[in-house]
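Everything below concerns the one structure shown next.
In what follows, every heavy atom counts, from backbone to side chain, and hydrogens, waters and symmetry copies are set aside.
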Amino acid sequence: MMAPKHVIRRAFLVLLCVAGIALALWTMLQNATNANSPFSGLFISWPRANFFSRTLTGDSEISMGSAKRMPLKILLAPAPDPVPSPSPSPSRPPQDELDTALAKTANVNRTVIITALNGAWAEPSTMIDLFLESFHVGEGTQELLNNLLIVALDAKAYNRCLQIHPHCYSLKTRGVDFSAEKLFMSEDYLKMMWRRLGFLAEILESGYNIVFSDADILWLRNPLERLAEDADIQMTCDIYKGNPFDVKNSANTGFMYVRSNERTINFYRYWYLSRRFFSGRKEQDVLNILKRRRGFARRRLKFILLDTKYFGGFCERNQDLDHVYTMHANCCRGLKAKLIDLRSVVDDWAEYRNPTINSSYPHLEKWSPADACMSSWRS
């Protein structure tokens, strides 16, 4: 005997209501679970200490197209351990160690001077001591030490920095020991150069302008006085061809000024990720390739190569000491050779500035030859 149609209809409606209620309850439970998930807020809470560790081991492959649309910190950080649910929102997020160090060191224009070194360059009476000495003996450079952040690549360098300078930051890299001297173009040398570039990119994303200087560059006069105010990137070069906008100038990343803006942040992200396509190349070589490509002009960067008349080095030295602002031990191989010839530069500078010889600054005819560096390539 068949049930009346109205009974079947009512039973169907009851089942439909029960299903709807069950679906609503399941949705509410799912939302509550997601709200309390340890992965909620994941993209804003990754610790900066894990930054780039994944990239150094090469365990991720990212297309350049997708990379342009993703923040650098999200692109390059490893998957974190689960973090606890956030506590009630404070008035502002807490600062990490790098944020604190940058805030203490930067000037009123949010510009910070940065150098990076490992344990070998931090030994007493070696590179870091010569570097700091140049600020004390240079013209108008001593006050710039207040804006200098020394980035230590290992514990040995960090401990030494704490002894000699008020502004230090420890940049940790899991699984890599940067403490020993890294020979030019060795595997660890390349890792160190790319690690440094990634770190500078992170600082740009934090909204700080950067004046980066290798520790083997002596600051004899205030180089900030020679920088253009409206340029995005200004960088030294090994050999200067006379035109600051000529991308054929061979850029040297040992000294550079970078303004933090959307153009520079995007370019540094692209430059860093380009290492995957140039295995065995240092970041400076890759930059010199990228800036000659047609797409570089479309980035609308105001990119200036600095004249070696003012920003000199052992590759190409201006012998007129009246115009020199910095001196770089480039075209030189090995810590020992650099130390010998940079010490000679400091001695020449002291003689040039010695007021007992002349009432005005004496005019030393030329720098002493960089014999140790010239010989370093033959050893």
Evaluation steps, side-chain contact (heavy atoms from CB on, under 4.5 Å), between Leu204 and Val258: CA-CA 8 Å; Leu204 290 175; Val258 190; 3.8 Å; yes
Looking only at heavy atoms, which two atoms of Thr141 and Leu220 are closest? And how far apart? CG2-C, 4.4 Å
Report yes if the side chains of His328 and Asp238 come closer than 4.5 Å at any heavy-atom pair, otherwise no. no
Out of curiosity, does Tyr158 fall in the hydrophobic cluster containing Phe199 (side-chain heavy atoms, cut-off under 4.5 Å, transitive links)? no
Electrostatic pair Asp232-Lys302, nearest N-O below 4.0 angstrom: no
Please check this pair: side chain of Glu139 against backbone of Asn222, looking for a donor-acceptor N/O pair closer than 3.5 Å. no
Do the non-hydrogen side-chain atoms of Val211 and Ile114 ever get within less than 4.5 Å of each other? no
So, does Asn288 use its side chain to make a donor-acceptor pair with the main chain of Ser250 at under 3.5 Å? no
For residues Ser376 and Arg333, report the shortest heavy-atom separation together with the two atoms involved. OG-N, 3.0 Å
So among Thr253, Asn249, Asn252, Ile304, which one has a side chain to side chain contact (heavy atoms under 4.5 Å, CB included) with Met235? Thr253
Close aromatic pair by centroid cut-off 6.0 Å: Phe212 and Tyr257: no
Would you say Thr126's side chain and Glu123's backbone share a donor-acceptor pair under 3.5 angstrom? yes
Which residue pairs pass the disulfide bond (SG atoms under 2.5 Å apart) test with at least one member in residues 210-269, sequence neighbours excluded? none
What is the minimum heavy-atom distance between Lys291 and Ala251, and which atoms define it? CE-CB, 3.8 Å
What's the spacing between Ser260 OG and Ile210 CD1 if we round to 0.5 Å? 7.5 Å
Minimum-distance pair of heavy atoms, taken over all atoms of Leu218 and Leu130: CD2-O, 3.7 Å
With salt bridge (Lys or Arg N to Asp or Glu O under 4.0 Å) as the test, would you mind laying out the steps for Glu133 and Arg343 before giving the verdict? CA-CA 10 Å; Glu133 182 181 347; Arg343 171 50 62 189; 2.9 Å; yes
Donor-acceptor pair, Arg160 side chain versus Ala122 backbone, under 3.5 Å? yes
Would you say the rings of Phe311 and Tyr240 are close, in the sense that their centroids are separated by under 6.0 Å? no
What pair of heavy atoms forms the shortest contact from Thr308 to Asn318, and how long is it? O-CB, 4.0 Å
Salt bridge check, Arg275 against Asp285: does any charged N sit closer than 4.0 Å to a carboxylate O? no
Kindly say whether Glu283 contributes a backbone atom to a donor-acceptor pair with the side chain of Trp271 at under 3.5 angstrom? yes
Is Cys168 disulfide-linked to Cys161, taking SG-SG under 2.5 Å as the test? yes
Nearest 0.5 Å please: distance from the CG atom of Asp246 over to the NZ atom of Lys241. 7.0 Å
How long is the span from the CD atom in Glu262 to the CZ atom in Arg300, to the nearest 0.5 Å? 13.0 Å
Under a 4.5 Å side-chain heavy-atom rule over Ile, Leu, Val, Met, Phe, Trp and Tyr, are Ile340 and Trp349 clustered together? no
Between Tyr270 and Phe267, what is the ring plane arrangement, given parallel below 30°, perpendicular above 60°, and tilted in between? tilted
Just by distance, do the side chain of Arg317 and the backbone of Trp367 share a donor-acceptor pair under 3.5 Å? no
Under 3.5 Å: donor-acceptor pair, side chain of Thr105, backbone of Val112: no
With no hydrogens and no angle check, is any side-chain donor or acceptor of Arg259 less than 3.5 Å from a backbone partner on Thr264? no
Establish, yes or no, whether the cationic atom of Arg263 lies under 6.0 Å from the six-membered ring centre of Phe303 and within 45° of the ring axis. no
Going from NZ on Lys282 to CG on Leu287, what distance comes out if it is rounded to the nearest 0.5 angstrom? 11.0 Å
Say whether Asp154 and Asn118, considering side chains only, have a donor N or O and an acceptor N or O under 3.5 Å apart. no
Could you tell me whether Lys336 and Asp341 make a salt bridge, using a distance below 4.0 angstrom between a side-chain N and a carboxylate O? no
Near Gln163 CD, under 6.0 Å, is it more than 12 heavy atoms from other residues, nucleotides or ligands? yes
Honestly curious: do Leu339 and Ile164 fall in one hydrophobic cluster under the side-chain, below-4.5 Å linking rule? yes
Full working for salt bridge (Lys or Arg N to Asp or Glu O under 4.0 Å) between Asp322 and Lys309: CA-CA 10 Å; Asp322 288 342; Lys309 175 180 179 181; over 6 Å; no
Kindly say whether Phe245 contributes a backbone atom to a donor-acceptor pair with the side chain of Asn243 at under 3.5 angstrom? yes
Tell me whether Thr111 contacts the main-chain N or O of Asn107 through its side chain, where contact means a donor paired with an acceptor under 3.5 Å. no
What pair of heavy atoms forms the shortest contact from Met327 to Leu342, and how long is it? O-CD2, 4.3 Å
Counting only heavy atoms not in Lys248, do more than 12 fall under 6.0 Å of its NZ? no
Aromatic contact between Trp219 and Phe255, with the criterion being ring centroids under 6.0 Å apart: yes or no? yes
Salt-bridge contact Glu202-Arg269 (side-chain N to carboxylate O under 4.0 Å): no
Geometric cation-pi criterion, Arg226 with Tyr310: 6.0 Å, 45°: yes
Could you please spell out the steps behind the disulfide (SG to SG under 2.5 Å) verdict for Cys373 and Cys332? CA-CA 5 Å; Cys373 284; Cys332 189; 2.0 Å; yes
